[in-house]
Amino acid sequence: MRKFPLIDSVGNPLLTCLFIVLLLLQWRFPLRRQHFKVLHRLVRNFVLSIPGFVIVRLAMLPIPIAIAIWARQQRVGLLNLIDLRTWAVVIATFLLMDYAYWWWHRAMHVVPFFWRFHNVHHTDLDLDVSTAARFHFGEMILSTAFLSLAVVLFGIGPIMLVVFFVSFEAATLFHHSNWRLPIRVERILNLILVTPRMHGIHHSIVQRETNSNWGTMFCWWDRLHQTLRRDVPQDAITVGVAAYREENELTLGKLFALPFIGQREWRLPSGEIPERETRPAEKLAE
Ligand SMILES: [Zn+2]
């Protein structure tokens, strides 16, 4: 395995520390009431994510890094064609890549083939920092192709790619966490960032709410596309996918197999379609 000190000695230890800190914070200051056994979910999400971790380390980073090095040498891609100062390259990388990922996340929801894989992430019946790792390995393979394409298109340099990737993963851990931030603090953060309450709405069993708040780092893209929803209080959210609510249908084996079998319509086992009225809201609801 090729060594990447910036990932192995800096990025991974940082993300592990952040994971532990968020785990403690969400345990001490919980945001949403959890309905299922925490340890059980942690173990399930961890085991489910193991093939994903392997893919990230062996393909999802090495392949785009190799492409980034090649693109730099050949002067291919937007940022390799224009001369910018370092600070401008940093800003451009974060904006371009986070916006590209907004489209990618949107595609994960609206393209039926992609949804088969992303569905596994959304079937978690509670939402916390461990959900941030719960991705089917098929989604990680698809993401590797997407990231490689974005890197060559935008001409992202290898170091900037790793810096962005670690920041992006940190943002993913943060907004999935079940940490109750003081609402005033979260509303200020939510002027810029995707926060736990904002992303909580994205994990609702109401389909229109799941089809909103697609951002990962910055909340601006959802505002731009009018897919930003802030009006749902956290205690009104039921987390999960309407058609997949039975715990015994969400065992590890069944989750690994889920993308490869017929997908159910978005309705509760009772046949009912969960709905809720939308009210435009400038401020994030409690
Ligand atoms: Zn999603």
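Atom set for the values below is all heavy atoms of this structure, side chains included, hydrogens, waters and symmetry mates excluded. For ligands, and for the atoms within them, numbers begin at 1 and follow the listed sequence. It should be emphasised that the depicted structure is a prediction, and the values quoted were computed from it without experimental measurement.
- Remark: E275 CD is packed, more than 12 non-hydrogen atoms of other residues, nucleotides or ligands lying under 6.0 Å away.
- Within 6.0 Å of the CD1 atom in I159, the count of heavy atoms belonging to other residues, nucleotides or ligands does not exceed 12.
- For the pair NE2 of H202 and NE2 of H122, the angle at the Zn ion (ligand 1) is about 90°; rounding is to 10 degrees.
- Between the side chain of D128 and the backbone N or O of S177, no donor-acceptor pair lies under 3.5 Å.
- The Zn ion (ligand 1) lies closest to atom NE2 when only the N/O/S atoms of H118 are considered.
- Distances from the Zn ion (ligand 1) to the N/O/S atoms of H105 are shortest for NE2.
- Residue-level check: among N/O/S atoms of H109, NE2 sits closest to the Zn ion (ligand 1).
- Geometrically, R264 engages Y244 in a cation-pi contact defined by less than 6.0 Å to the ring centre and at most 45° from the axis.
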